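Predicted model, so just to flag it, every value in this text is computed and none were measured.
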Amino acid sequence: MNLVRQILIVEDDPNLRETLAEQLRLHEEFAIGEAGSGGEAIERVKS
């Protein structure tokens, strides 16, 4: 059974955020979400 873990990366530096997301995407066990601010992260979590 494949268990996919959800990770939300919250980082205001777009280059760092994308680098972290790219590294995590190398592992098929993670579903990656990205947010550029705390407010954006809260909205993503609510939806």
Side-chain angles (χ1 to χ4, degrees):
M1 180 169 127
N2 252 351
L3 177 64
V4 177
R5 295 184 172 108
Q6 295 184 7
I7 297 177
L8 178 59
I9 298 172
V10 183
E11 173 57 56
D12 63 349
D13 181 328
N15 292 325
L16 177 56
R17 187 174 64 241
E18 183 57 34
T19 299
L20 291 169
E22 285 176 7
Q23 291 300 308
L24 289 169
R25 284 187 185 108
L26 295 175
H27 306 277
E28 295 176 0
E29 66 200 73
F30 299 116
I32 309 301
E34 298 180 44
S37 69
E40 184 181 341
I42 289 170
E43 291 303 314
R44 296 233 14 203
V45 170
K46 285 181 180 179
S47 62

Legend entry - Euclidean distance, D13 CG relative to E18 CD, rounded to 0.5 Å: 11.5 Å

Legend entry - Nearest-0.5 Å distance, CG of residue L24 to CZ of residue F30: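 If I round to the nearest 0.5 Å, the distance is 6.0 Å.
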
Inset, instruction - Answer yes or no: are there more than 12 heavy-atom neighbours, outside E28 itself, under 6.0 Å from its atom CD? - result: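 Not buried by this count: 12 neighbours or fewer within 6.0 Å.
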
Inset, instruction - Count the heavy atoms of every other residue, nucleotide or ligand shown that sit under 6.0 Å from CD of E29, and state whether that count exceeds 12. - result: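 For E29, atom CD is crowded (more than 12 foreign heavy atoms under 6.0 Å).
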
Inset, instruction - Using the rule that two of Ile, Leu, Val, Met, Phe, Trp, Tyr join whenever any of their side-chain heavy atoms come within less than 4.5 Å, decide whether I32 and L16 are in one cluster. - result: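 Yes: a chain of side-chain contacts under 4.5 Å links I32 to L16.
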
Legend entry - Verify same cluster id: V45, V10 (apolar side-chain graph, 4.5 Å):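 The answer is yes; both residues are in one hydrophobic cluster.
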
Inset, instruction - Taking all heavy atoms of G36 and all of E40, pick out the closest pair and write down the distance. - result: N-OE1, 3.0 Å

Legend entry - Within-4.5 Å side-chain heavy-atom neighbours: E11 and E34: no

Inset, instruction - Please tell me if the side chains of L20 and R17 come closer than 4.5 Å, counting only heavy atoms from C-beta onward. - result: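 No - every pair of side-chain heavy atoms lies 4.5 Å or more apart.
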
